[in-house]
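Here the structure comes first, spelled out in structure tokens, and everything after it is commentary.
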Amino acid sequence: MDRYNQHGIEKKWREIWEKEKLYHTAKDPKKKYYCLDMFPYPSGDGLHVGHWRGYVLSDMWARYQKMNGYDVLHPIGFDAFGLPAENAAIKRKSHPRKFTAQAIPRMREQLKQIGTMYDWEREVVTSEPSYYKWTQKIFLELFKQGLAYRKNALVNWCPTDQTVLANEQVVEGKCERCGAVIEKQEREQWFFKITNYTEELLADLEKLNWPERVKTLQRNWIGKSEGALLSFAVEGSSEKIDVFTTRPDTLFGCTYLVLAPEHPAAEKITSTEHKKEFEAYRKTTNALSEVERIAEKREKTGVHTGAFALHPATKEKLPIFVADYVVMGYGTGAIMAVPAHDQRDFAFAKQYNIPLKTTIKPDDGRDDSKIRALEECFTGKGILYNSGDFTGLTSDQAIEKIGKKYGAPSIRYKLRDWLISRQRYWGAPIPIVYCDKCGIQAVSEKDLPVLLPEDSDFKPTGESPLARHPTFTNTICPNCDGSARRETDTMDTFVDSSWYFLRYTDPHNTKEAFSQKELNKWLPVDMYVGGIEHAILHLLYARFVTKALADAKLVGFREPFTRLYNIGIVHLDGAKMSKSRGNVVNPDELVAHFGSDTLRGYELFLGPADRDVEWNPRAVAGIHRFLERVWEISGNVRDRTDSLERTKELIFEITREIEALRPNTALARLMAISHDYVQTPPSKEEFAFYLQLMAPFFPHLAEDLWHTLGKKDSIFSSAWPQGEEHLGKRVTIVVQVNGKLRATVDVPRDVAREDLQQSARTAVEHHIQGKSLKKVIVVDGRLVNFVVQ
RNA sequence: GGGCGAGUGGCGGAACGGUAGACGCGCCGGCCUUAGGAGCCGGUGGGAGAAAUCCUGUAGAGGUUCAAAUCCUCUCUCGCCCACCA
């Protein structure tokens with residue numbers, strides 16, 4: 001037999017599969033399965049072995065589902081708009097479209113190299129007018145529903161990328177992408193009203209088969225807190241100050257109030273003699289970057305406004321301060337400060353010598369004298385004292401009662417509306433026209449797409465590049481036919497990716513974004529595979545858009561992704577593999593050396609698929625040796641079948657491991673039995689089963705050997721075999737004495753208990769001798785444990 | 001400060017509460033080869049022993065159980081996420 005010529009085999013089968021349209025998606029699925037990958041953005045550097053991991057896992061899964069009789073939709077596309085392409089184009093003095101047109105074919109080849117069963121006829125590219133026409137349509141749909149709106153807002157400005165960013169794209173006050181310190185700017189921007197769906201986005205997480213970790217991240221991001229809104233009158237003023245608190249039980253410990261510097265009431269209540277100081281403080285705060293403002297261990301600063309609030313219960317005069325440790329973006333931008341029971345307030349009070357008042361005792365008997373001694377504060381719940389009518393209540397009782405008596409129950413969320421305007425070129429133009437007479441007007445659907453001009457200067461300057469393009473900007477009002485200006489911002493690329501999975505069902509539709517008919521055949525997505533980095537942004541936005549489209553009666557479901565799987569990150573030298581770090585391993589070279597099947601196998605063998613792993617360049621050879629061995633075995637198969645026992649058991653185990661998404665252990669079993677096959681060559685029948693088990697992992701090799709067995713159809717058209725557990729007629733029983741392993745005995749599986757106990761006892765007699773037998777534990781098919789004294 | 005994970009050989013990692021270390025890498029020994037290797041065979045947690053076998057071992061300390069890497073309590077270490085969020 002010839003040597004294993006993996007390259008020849010792989011090339012041959014890819015051509016045949018393509019020619020015979022093996023992966024062509026069924027027109028009318030009887031049993032549908034939608035297996036989705038998070039689509040990549042076209043990159044000049046192509047894929048590295050870290051990218052491979054997710055694609056290989058989903059492909060293994062898709063092939064397994066296909067063999068289980070499902071009609072599988074397994075599509076791919078490119079998230080082609082956005083900063084990566086634009087920045088790459090600037091760097092190469094090219095144009096984003098040109099850059100994209102070069103990068104996509106190369107990545108397509110790389111993806112094909114993996115040997116995936118994608119249906120390439122359904123490929124979508126978000127930067128194509130035939131795609132973004134519908135992104136614009138979806139924008140208009142949200143606009144029609146009042147879910148897209150324009151407002152003047154303090155926004156996150158990235159000075160390097162020269163664009164506004166969504167809150168979600170700002171990490172520790174820095175740009176998620178380039179790391180530049182974010183500035184706050186006041187700008188008129190487009191937002192999507194994701195906050196209309198806050199409660200539903202939170203509640204529906206319960207229904208999803210997603211990793212708990214991702215659900216928790218989304219819950220935290222939505223950030224629901226329940227508390228009370230308490231109102232404080234300002235002495236000698238008609239102003240009222242509302243504060244939000246989750247701990248109304250500490251109301252009687254409140255000794256001052258704090259407003260955020262940007263709070264609208266701050267200016268009004270500040271007394272004349274404090275005006276100067278206040279203005280100066282506000283100016284300094286404004287000048288601080290977000291990073292500086294939230295820097296750890298920064299001393300608390302603030303100024304007195306000269307005004308006083310009245311305690312709603314005791315009518316005590318409480319000084320009102322302005323301090324930047326209170327932020328305008330959360331709650332009401334004002335707090336009741338309780339220095340005895342809140343760390344931040346405590347730090348501030350210490351700094352400015354404000355007295356504290358303890359009102360809660362820990363109910364665990366701890367001494368709270370320290371609190372009084374100004375050494376620390378008590379932030380837990382306990383028993384109230386010094387709290388008027390509420391003295392003696394527990395915190396939990398008081399939270400409800402005080403909240404009701406002096407205010408109203410209130411729920412606050414951290415989730416903000418989604419800012420979608422970008423002052424960049426490479427994105428879908430926002431289909432809006434401004435008319436002096438008619439105001440904000442939606443572009444008529446017949447005029448979609450609003451084409452992105454190809455000849456625009458796209459260098460970022462802070463203003464939208466499209467604003468410098470007169471033939472784009474000047475247009476006609478769809479309402480009055482008078483002259484008007486186009487919106488010149490483009491949409492955040494997360495808008496493109498918030499609906500792409502719908503387009504795959506009907507990618508060539510020129511009449512609609514997707515037809516209900518095609519959509520209903522496939523959605524929702526049964527399995528979505530991708531990295532944890534999209535746990536918040538992409539997944540939350542896609543869920544929101546789905547819900548908005550459901551309310552527009554355009555889709556018939558409210559959650560897009562029934563099941564989510566997070567592929568672990570591949571590290572090299574302890575750090576996440578990335579081109580910018582320079583620690584990438586190029587799959588092309590490995591494929592050239594070992595073939596795709598070897599690399600596929602190794603990607604899945606690295607470790608548990610959902611855990612981060614360190615790439616070990618040398619270990620790839622182990623998989624290659626294994627495939628060589630399987631090739632050798634195929635030359636030695638016997639005609640006669642003695643018994644299918646070991647094979648049936650193997651089928652059972654591999655099926656179980658695949659179902660549990662444990663490809664690493666499935667592969668370990670496949671390898672282990674290959675050693676048996678070297679000793680005892682398998683029969684044709686056995687080996688055919690074995691190849692079916694190999695097929696989801698090693699499609700090329702499995703298909704090739706399948707045909708050398710004389711099979712006519714593709715192995716992927718064959719039905720996944722049925723396994724059985726516990727077929728072996730003999731079984732190894734563990735014999736313990738006092739829980740310690742002392743021997744093993746080999747007995748028939750259906751051995752009588754007395755006989756088993758007898759042979760077990762014989763095996764460990766010398767450990768029992770001279771001791772009294774207290775008890776015998778027998779676990780069928782597993783062990784016998786003699787308890788002696 | 002809060003939340004969520006995770007600690008098992010030289011390394012990646014296996015183990016429905018029931019033979020700890022499957023499988024792979026590496027290493028050691030041998031084989032094939034003119035030679036080389038990313039080829040083949042065997043061995044490989046630590047300790048004692050010629051061997052049978054015994055002792056010991058899953059971050060640490062307790063506990064539950066006939067039996068604990070696995071369940072419970074505390075401690076330590078590492079990782080990730082969130083965070084002046086009231």
Side-chain angles (χ1 to χ4, degrees), chain A residues 3 171-172 211-217 219-221 223-225 227-228 230 243-248 250 258 260 293-301 323-327 329-338 341-345 347-348 379 412-414 532 535-536 569 574 593-594 598 601-602 605-608 611-626 628-629 632 656 662 664-675 678 732-744 766-767 774-779 781-788:
Chain A
R3 272 185 71 82
V171 177
E172 287 172 6
E212 236 4 87
R213 196 157 62 116
V214 176
K215 291 199 207 177
T216 307
L217 284 172
R219 271 187 212 109
N220 290 346
W221 189 261
K224 179 177 184 170
S225 27
L230 305 177
V243 305
F244 174 70
T245 176
T246 53
R247 294 291 303 276
T250 62
V258 184
R293 190 162 163 180
I294 64 173
E296 253 180 277
K297 288 182 186 154
R298 197 178 142 240
E299 279 195 354
K300 298 267 183 293
T301 61
D324 67 3
Y325 81 92
V326 173
V327 294
Y330 185 75
T332 61
I335 61 156
M336 63 171 210
V338 186
H341 301 297
D342 182 284
Q343 274 185 13
R344 294 151 299 176
D345 299 343
F348 186 82
T379 55
R412 296 280 152 161
Y413 303 91
K414 286 194 240 172
I532 186 84
I536 300 172
I569 296 165
H593 211 109
F594 294 110
T598 299
Y602 185 60
F605 190 64
L606 275 168
R611 227 190 282 170
D612 293 358
V613 281
E614 175 77 17
W615 185 262
N616 176 357
R618 285 205 278 193
V620 184
I623 301 286
H624 194 67
R625 277 196 276 266
F626 161 60
E628 296 262 10
R629 188 157 62 236
E632 293 299 323
R656 187 184 59 205
R662 285 196 293 255
N664 54 326
T665 50
L667 289 172
R669 289 295 302 133
L670 289 171
M671 288 179 189
I673 203 151
S674 74
H675 292 296
V678 170
T732 304
I733 301 286
V734 170
V735 188
Q736 298 181 333
V737 178
N738 286 344
K740 247 185 192 151
L741 174 77
R742 291 302 177 189
T744 57
H766 57 289
H767 288 281
K774 290 282 175 210
K775 202 168 162 186
V776 183
I777 310 269
V778 181
V779 181
R782 279 202 176 271
L783 67 63
V784 181
N785 185 11
F786 297 97
V787 184
V788 297

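In this structure, the CG atom of A:Asp612 is 9 Å from the P atom of B:C80, given to the nearest Å. Spacing between atom CG of A:Leu670 and atom C1' of B:G24 amounts to 13 Å, rounded to whole angstrom units. Computed from coordinates, the A:Phe605 CZ to B:A14 P distance equals 10 Å when rounded to whole Å. B:A15 atom C1' lies 12 Å from atom CG of A:Asn664, rounded to whole Å. Rounded to whole Å, atom P of B:G12 lies 17 Å from atom CD1 of A:Ile623. Whole-Å rounding puts the A:Asp342 CG to B:C84 C1' distance at 9 Å. Between the C1' atom of B:G5 and the CD1 atom of A:Ile569 lies a distance of 13 Å, rounded to the nearest Å. At whole-Å resolution of the value, NE2 in A:His624 and P in B:G37 are 17 Å apart.
Base orientation of B:G5: anti (glycosidic angle beyond 90° from 0).
With distances taken from any side-chain atom of A:Val779 to the nucleotides B:A86, B:U19, B:G18, the minimum falls on B:G18. For A:Met671, the side-chain atoms get nearest to B:G24 when compared with the rest of B:A15, B:G24, B:G13. Considering only the side chain of A:Asn785, B:C66 comes nearest among B:C66, B:A86, B:G13. Nearest to the side-chain atoms of A:Phe244 among the listed nucleotides B:A86, B:U19, B:C84 stands B:A86. The A:Lys414 side chain lies nearest to B:C82 when the options are B:C82, B:A86, B:A15. Relative to the side chain of A:Pro608, the nucleotides B:C84, B:C23, B:G13 differ in distance, and B:G13 lies closest. With B:C84, B:A15, B:A86 as the candidates, the nucleotide lying closest to the side chain of A:Arg662 is B:A15. The listed nucleotides are B:G1, B:A22, B:A86; the one nearest the side chain of A:Ala668 is B:A22. The A:Ala672 side chain lies nearest to B:C23 when the options are B:C41, B:U19, B:C23.
Remark: side-chain polar atoms of A:Tyr602 are paired, donor with acceptor, to backbone N or O of A:Asn616 under 3.5 angstrom. Between the side chain of A:Asp342 and the backbone N or O of A:Asp345, at least one donor-acceptor pair lies under 3.5 Å. When atom types are taken as modelled, the side chain of A:Asn785 and the backbone of A:Ile777 share no donor-acceptor pair closer than 3.5 angstrom.
Here A:Phe594 lies in heavy-atom contact (under 4.0 Å) with a base. Here A:Asp345 lies out of heavy-atom contact (under 4.0 Å) with every strand. Within 4.0 Å (heavy atoms only), A:Ala619 reaches sugar-phosphate atoms of the nucleic acid but no base atom. Backbone-only engagement by A:Val787 is indicated by non-hydrogen atom pairs under 4.0 Å involving sugar-phosphate atoms exclusively. Residue A:Lys740 is in sugar-phosphate contact alone, with no base atom involved, counting any heavy-atom pair closer than 4.0 Å across all strands shown. Using a 4.0 Å heavy-atom cutoff across all strands shown, A:Arg625 reaches sugar-phosphate atoms only and no base atom. Across all strands shown, A:Leu217 has heavy atoms under 4.0 Å from sugar-phosphate atoms exclusively, and none from any base. Nucleic acid contact for A:Ile777: base, since at least one base atom lies under 4.0 Å from a heavy atom of the residue. Within the 4.0 angstrom heavy-atom criterion, base atoms lie near A:Gln736.
In this structure, A:Arg247 does not reach the B:A86 phosphate: none of its side-chain N or O atoms is under 4.0 Å from OP1 or OP2. For B:C54, the OP1/OP2 oxygens have a side-chain nitrogen or oxygen of A:His767 closer than 4.0 Å. Neither OP1 nor OP2 of B:G26 sits under 4.0 Å from any side-chain N or O of A:Asn616. Taking only side-chain nitrogens and oxygens, A:Arg213 never comes nearer than 4.0 Å to OP1 or OP2 of B:G3. Contact check, A:Arg742 against B:C55: a side-chain N or O comes under 4.0 Å of OP1 or OP2. Using a 4.0 Å cut-off, no side-chain N or O of A:Lys775 falls inside it from OP1 or OP2 of B:U65. For the pair A:His675 and B:A22, the criterion of a side-chain N or O lying under 4.0 Å from OP1 or OP2 is not met.
Looking at A:Thr744 and A:Ile733, their side chains never come closer than 4.5 Å, going by heavy atoms from C-beta outward. Contact annotation: the side chain of A:Ile623 approaches that of A:Met671 to within less than 4.5 Å [non-hydrogen atoms, C-beta and beyond]. The shortest distance between side-chain heavy atoms of A:Val620 and A:Phe605 does not fall below 4.5 Å.
Between B:G3 and B:U75, the two P atoms lie 13 Å apart (nearest whole Å). Across B:U56 and B:A6, the matching P atoms stand 30 Å from one another, rounded to whole Å. Only the P atoms considered, B:C72 is 25 Å distant from B:G79, to the nearest whole Å. Using atom P as the reference point in both B:G60 and B:A50, the two lie 31 Å apart (nearest Å). For the C1' atoms, the distance linking B:A59 with B:C76 amounts to 7 Å, nearest Å.
Put simply, the side chain of A:Lys300 and the base of B:C84 share a donor and an acceptor less than 3.5 Å apart. Contact annotation: side chain of A:Glu628 to base of B:G39, donor-acceptor pair absent below 3.5 Å.
Across all strands shown, B:U56 is found opposite B:G45 as a Watson-Crick or G-U wobble partner, with both distances under 3.5 Å. Applying the Watson-Crick and G-U wobble criteria (two distances, each under 3.5 Å), B:G62 pairs with B:C72. Nucleotide B:C84 forms a pair with no other nucleotide shown, judged by Watson-Crick or G-U wobble geometry with both contacts under 3.5 Å. The pairing partner recorded for B:G39 is B:C31, the criterion being a Watson-Crick or G-U wobble arrangement whose two distances lie under 3.5 angstrom. Under the Watson-Crick or G-U wobble criterion, with both distances below 3.5 Å, B:C4 is paired with B:G79. Nucleotide B:G24 forms a pair with B:C11, judged by Watson-Crick or G-U wobble geometry with both contacts under 3.5 Å.
Comparing A:Gly607 and A:Arg618 against RNA chain B, the residue whose closest nucleotide sits nearer the 5' end is A:Gly607.
Under the 6.0 Å distance and 45° angle rule, A:Lys300 counts as a cation-pi partner of A:Tyr325.
Side chains of A:His341 and A:Thr250: no donor on one and acceptor on the other come within 3.5 Å.
Looking at A:Arg669, A:Arg629, A:Glu632 one by one, the single match for side chain to side chain contact (heavy atoms under 4.5 Å, CB included) with A:Ser674 turns out to be A:Arg629.
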- Query: Where do A:Ser225 and A:Tyr413 land on the side chain to side chain contact (heavy atoms under 4.5 Å, CB included) test, with the steps shown first?
  - Reply: CA-CA 6 Å; A:Ser225 27; A:Tyr413 303 91; over 6 Å; no
